[in-house]
Amino acid sequence: MQATLPDGKVLELPDGATGADAAAAIGAGLARAALAITVDGEIRDLGRPLPDGATIGIVTERSEEALELIRHDTAHVLAAAILDLYPGTKIAIGPPIEHGFYYDFEFPDGVVLNDGDFAAIEAKMKEHVKADEPFVRRDVTVEEALERFRAEDQPYKVELIEDLVRNAPADAPVETVSLYTNGPFTDLCRGPHAPSTKRVGAFKLQSLAGAYWRGDSARQQLVRIYGTAFFKKKDLDAHLERLELARQRDHRRLGRELGLFHFSDAAPGSAFWTPAGTRVFNELVALSREMGDERGYTEVKTPQLFDASLWKTSGHWDKYRDDMFLTSTHDHGAADGDAGEDGRSGPTMGFKPMNCPGHYELYRQTRWSWRDMPVRFSEPGLLHRNELSGALHGLMRVRQFCQDDAHLFVMEDQIQDEVTACLRFAQDTYDLFGFDAGDFTYELSTRPENRLGSDETWDRAEGDLRRALEHNDLPYVVHEGDGAFYGPKIDIQFRDSLGRSWQLGTIQIDYQAPERFDLTYTGADNSEHRPVVLHRALLGSYERFVGILLEHTGGELPFWLQPTQLVLLTVSDRHADAAHAIAGDLRRAGLRVTVDGRTETVGRKIREAELAKVPLMAVVGDVEEAERTLTLRHHGGAEEPARPVADLADELGRAVRGRERVESPTGAGDAA
RNA sequence: GCCUCCGUAGCUCAGCUGGUAGAGCACUUCACUCGUAAUGAAGGGGUCGACGGUUCGAGUCCGUCCGGAGGCUCCA
């Protein structure tokens with residue numbers, strides 16, 4: 001038989017040759033290094049016979065797939081160790097993930113695991129690795145596998161096999177499944193695996209979490225153990241060090257260190273913004289407003305509290321009520337007895353979790369002509385959502401926030417153009433912050449199970465979004481079933497410092513709201529037509545955006561966004577008046593300037609300004625006072641030659657207005 | 001909401017197996033009036049998240065609740 005190598009060479013092999021045989025035929029060194037083999041692009045065990053005529057490639061430590069492979073191996077070793085230490089444990093699934101692996105277990109009654117148990121488990125795992133236990137694959141009939149796992153009282157494995165059989169397409173029924181054995185442990189597994197446990201070089205168990213079986217919160221909660229593995233200890237250590245560095249970019253930490261915001265038990269899930277943080281927040285709102293004005297958006301203001309009837313009309317009452325804060329109004333001194341839905345008297349009111357219904361109500365107050373379309377309402381409205389306590393996360397997931405929200409009322413034939421314009425608007429916005437295609441991904445979310453509207457309108461809406469993405473040549477992934485209850489959406493996802501994904505931008509098509517709120521416009525034919533609503537946010541929420549921006553910049557915000565752009569440091573008390581005079585001139589030019597006039601050494605003031613990541617600083621002493629010049633010191637240490645204050649006011653003021661980057665002279669310690 | 005862990009001064013943290021609280025930074029005061037990453041000294045500040053329980057005695061052990069971290073579920 002023959003096999004083709006990646007370089008096009010053809011290898012002659014005896015019939016029935018395995019991947020290991022192929023590797024040995026190429027060279028002894030490669031045979032030792034081989035972990036697996038790719039057969040026509042599909043990764044497989046070395047021990048399996050090769051089909052004739054395939055294109056093969058040997059997978060070694062240097063291959064892309066190799067880490068995933070040994071992480072999967074490590075998951076099996078973990079399960080083996082767990083069964084050694086905690087007999088009777090039921091095993092669920094244990095896949096490799098982006099930076100490691102996990103395995104889900106149901107421990108016997110009374111066994112509560114905590115991370116203090118990791119050392120003993122890791123020690124047991126090391127025994128299995130040292131023992132050089134081969135991973136042995138066996139293909140068995142469904143019946144044999146079921147019998148085996150039933151006998152071992154492994155109900156999760158039984159369920160997995162039953163589902164495999166049930167979900168198999170009619171033309172390709174599942175008759176056999178593969179089992180992998182390493183040492184005493186046998187698992188249902190598609191594979192592949194390395195030849196033996198010994199190939200796992202260095203591993204670490206990292207954390208413990210609850211995880212619902214099959215991701216269903218109505219089902220059994222299992223104990224998930226997360227870990228990671230590398231070929232070399234050095235690589236594991238480097239990975240752990242990177243994690244530690246990422247934690248230093250945590251926006252919650254930076255927010256505190258830079259004095260931007262904090263959280264308090266007094267209002268769980270809601271940020272307290274300091275003057276500096278509020279400045280950043282307001283600058284972002286100003287940006288949205290300015291960019292929206294240029295693109296035909298009109299800002300509106302709608303109420304905070306709405307009568308329940310509005311939420312019933314919008315559908316939120318049915319689909320979203322659990323996530324809403326409800327309250328009631330009642331006349332002062334009114335008699336009890338007219339209890340509302342929350343048990344208090346007076347009509348039930350709900351804090352808005354979204355701006356849309358208010359915008360529909362506003363839209364309805366005007367008779368719109370087709371000549372007015374599209375109508376674009378924007379509102380940085382304050383929203384409240386009663387998020388589950390376990391879902392809260394710094395600024396990324398809060399209970400009170402503002403979106404850079406807008407609703408576009410468009411005619412059907414304008415959808416394409418408007419969605420396209422929104423995608424461009426998003427691009428323009430992200431460009432300003434230096435985000436590029438590597439920083440975010442587009443996701444198309446389609447109809448969820450819990451939804452309003454006919455399949456026809458969903459088909460149409462999903463198709464519109466898909467076309468807009470494709471016409472813009474934007475790569476995207478599809479998330480089936482992740483749409484809002486009223487329509488499909490394009491989400492723009494960013495990652496935080498630890499790689500977690502957060503949605504910022506969103507563009508959603510809504511055919512439901514116009515029906516429910518009876519929204520109309522008068523067409524050229526002088527009859528009433530339904531508009532289509534587009535919901536869109538680009539920064540997402542200002543809260544979340546600040547979080548993402550802090551983690552991406554490590555706290556070094558763009559110059560125009562910095563709460564303090566320049567700090568003047570007095571040499572001694574007698575320079576305070578001069579410093580304040582200079583600060584006044586710079587402020588009039590539009591710069592945010594503070595004066596550090598404390599009775600401290602210049603070194604001290606520099607150090608504190610550096611730690612606060614203030615982009616520019618300048619010492620004010622006798623020379624500056626006499627000549628009215630400043631020598632700019634950039635964050636990071638780079639210095640410019642002395643320049644007249646008037647020139648600086650001019651240039652820096654322009655940079656702020658134009659939201660330009662301010663480069664430091666050496667390139668190091670970039671202030672922008 | 002669920003699982004594991006955590007909660008000590010404004011912040012970051014120390015406090016071994018129970019014997020009734022400590023450091024650095026910050027803050028206040030005083031001295032120094034200083035030229036590019038920490039001047040020195042003194043001082044104030046904590047019902048150890050809250051509430052119960054065990055104990056002669058609880059920051060330390062147990063329970064409940066609140067809050068936080070990581071994850072699951074859910075979502076900007």
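Please read all numbers here as calculations on a predicted model, not as lab measurements. Chain naming here is simple, since letters A, B, ... match the order of the sequence lines and numbering starts at 1 in each.
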Identify whether NZ of Lys or CZ of Arg in A:Arg295 sits under 6.0 Å from the centre of the six-membered ring of A:Phe425 and within 45° of that ring's axis. yes

Which base, if any, makes a Watson-Crick or G-U wobble pair with B:G7, both distances under 3.5 Å? B:C66

Side chain to side chain donor-acceptor pair (under 3.5 Å) evaluation trace for A:Tyr212 with A:Gln220: CA-CA 6 Å; A:Tyr212 300 106; A:Gln220 176 74 33; over 6 Å; no

With both distances under 3.5 angstrom, what nucleotide forms a Watson-Crick or G-U wobble pair with B:G59? none

Please state the C1' separation for the pair B:A14 and B:G46 - nearest whole angstrom. 15 Å

Encode nucleotides 24-35 of chain B as B, S and - characters from 5' to 3', where the letter depends on protein heavy atoms closer than 4.0 Å: B to the base, S only to sugar-phosphate, - to neither. --S-----BBBB

Over all strands shown, is A:Met617 touching base, sugar-phosphate only, or nothing at heavy-atom distances under 4.0 angstrom? nothing

Taking the P atom in each of B:U17 and B:G59, what is the distance between them to the nearest angstrom? 15 Å

Could you tell me the separation between the CG atom of A:Leu222 and the P atom of B:U4, rounded to a whole number of Å? 13 Å

How far, in whole Å, is B:C62 from B:U55 if one measures between their P atoms? 16 Å

Could you give the distance separating B:C27 and B:U36 at their C1' atoms, to the nearest angstrom? 26 Å

Identify, between A:Asn114 and A:Tyr320, the residue whose nearest nucleotide on RNA chain B lies closer to the 5' end. A:Asn114

Please give, in whole Å, the distance from B:G1 C1' to A:Gln220 CD? 16 Å

Heavy atoms only, 4.0 Å cut-off, all strands: where does A:Arg219 land among base, sugar-phosphate and nothing? nothing

I'd like to check, for A:Tyr226, whether its ring lies over the base of B:G71 with centroids under 5.5 Å apart and a plane angle smaller than 30°. no

Let's test this: given Watson-Crick or G-U wobble pairing with both distances under 3.5 Å, identify the partner of B:U20. none

Would you kindly give the CD-to-C1' distance between A:Glu98 and B:G71, to the nearest whole Å? 15 Å

Please state the P separation for the pair B:C72 and B:G57 - nearest whole angstrom. 46 Å

Give none if B:A14 has no partner; otherwise give the nucleotide forming a Watson-Crick or G-U wobble pair with it, both distances under 3.5 Å. none

In whole Å, I'd like the distance from the OH atom of A:Tyr486 to the P atom of B:C75. 11 Å

Search all heavy atoms of A:Gln427 against all heavy atoms of A:Leu474 and return the closest pair with its distance. OE1-CD2, 4.5 Å

What nucleic acid atoms does A:Leu113 come within less than 4.0 Å of, heavy atoms only: base, sugar-phosphate, or nothing? sugar-phosphate

Between B:U4, B:A37, B:C75, which one does the side chain of A:Leu611 approach most closely? B:A37

Check the phosphate of B:A76 against A:Lys489, side-chain N and O only, distance under 4.0 Å to OP1 or OP2. Yes or no? yes

Base, sugar-phosphate, or nothing for A:Arg633, non-hydrogen atoms under 4.0 angstrom? base

A:Leu632 versus A:Ala618, closest heavy-atom pair with distance: CD2-CB, 4.3 Å

Verdict with supporting geometry, A:Asp573 and A:Thr599, side chain to side chain donor-acceptor pair (under 3.5 Å): CA-CA 7 Å; A:Asp573 289 351; A:Thr599 309; 3.3 Å; yes

Is it the case that A:Asp496 and A:His552 place a side-chain donor and acceptor less than 3.5 Å from each other? no

Tabulate protein N/O versus nucleotide N/O from nucleotides 60-68 of chain B, keeping only pairs under 3.5 Å, one per line.
| residue | atom | partner | partner atom | Å |
| --- | --- | --- | --- | --- |
| B:G67 | O2' | A:Asp265 | OD1 | 2.6 |

For the pair made of CH2 in A:Trp502 and P in B:A76, what is the distance, rounded to whole Å? 12 Å

Re B:G46: Watson-Crick or G-U wobble partner, both distances kept under 3.5 Å, found to be none

Could you identify the nucleotide paired to B:U29, looking across every strand shown and requiring Watson-Crick or G-U wobble geometry with both distances under 3.5 Å? B:A41

Quick one: look up who B:G35 pairs with, Watson-Crick or G-U, both distances under 3.5 Å, and put none if it's unpaired. none

NA contact type, A:Arg385, heavy-atom cut-off 4.0 Å: base, sugar-phosphate, or nothing? base

Got a salt bridge between A:Lys605 and A:Glu608, using NZ or NE/NH1/NH2 to carboxylate O under 4.0 Å? no

Just the rounded figure in Å: distance from C1' of B:G70 to NE2 of A:His99. 15 Å

Tell me if a side-chain donor or acceptor on A:Arg385 pairs with a main-chain N or O of A:Pro353 at a distance below 3.5 Å. yes

For a quick test of reading the model, state the closest non-hydrogen atom pair linking A:Ser497 to A:Ala246 and the distance between them. OG-O, 3.2 Å

Closest heavy-atom pair, A:His251 versus A:His393, reported as atoms and distance to 0.1 Å, is CE1-CD2, 4.2 Å

Using a distance-only criterion (donor-acceptor N/O pair, under 3.5 Å, no hydrogens), is the base of B:A37 paired with the side chain of A:Glu610? yes

Where the side chain of A:Arg544 is defined as all heavy atoms beyond and including C-beta, which of B:G70, B:C11, B:A76 is the nearest nucleotide? B:A76

List the atom of A:Val595, the atom of A:Ala583, and the distance in Å for their closest heavy-atom pair. CG2-CB, 3.8 Å

Using the C1' atom on both, measure B:A9 against B:G45 and round to a whole Å. 6 Å

Closest to the A:Ile606 side chain, choosing from B:A76, B:U36, B:G70: B:U36

Nearest-Å distance once atom C1' is located in both B:A50 and B:G43: 31 Å

If the cut-off is 4.0 Å, is A:Gln493 near the phosphate of B:A76, judged by side-chain N/O to OP1 or OP2? no

To the nearest Å, give me how far apart CZ (A:Arg397) and P (B:U73) are. 12 Å

Roughly how far apart, to the nearest Å, are B:G52 and B:U47 at atom C1'? 16 Å

Tell me which of A:Ala391 and A:Val112 sits closer to the 5' end of RNA chain B, going by the nucleotide each one is nearest to. A:Ala391

For a quick test of reading the model, state the closest non-hydrogen atom pair linking A:Gln206 to A:Phe118 and the distance between them. C-CE1, 3.7 Å

Spacing between A:Phe272 atom CZ and B:C11 atom P, to the nearest angstrom: 13 Å

If we ignore angles and hydrogens, is there a donor and acceptor under 3.5 Å between the side chains of A:Asp405 and A:Ser378? no

Over 12 non-hydrogen atoms of neighbours within 6.0 angstrom of CD in A:Glu68: no

From the options A:His359, A:Gln403, A:His407, select the one residue that forms a side chain to side chain donor-acceptor pair (under 3.5 Å) with A:Glu379. A:His359

How is A:Glu387 classified with respect to the nucleic acid when contacts are heavy atoms under 4.0 Å: base, sugar-phosphate, or nothing? base

Short of 4.0 Å, heavy atom to strand atom, which residues of residues 207-218 of chain A count as contacting RNA chain B? A:Leu208, A:Ala209, A:Gly210, A:Ala211, A:Tyr212, A:Gly215, A:Ser217

Is there a donor-acceptor contact under 3.5 Å from the side chain of A:Asp510 to the main chain of A:Leu534? no

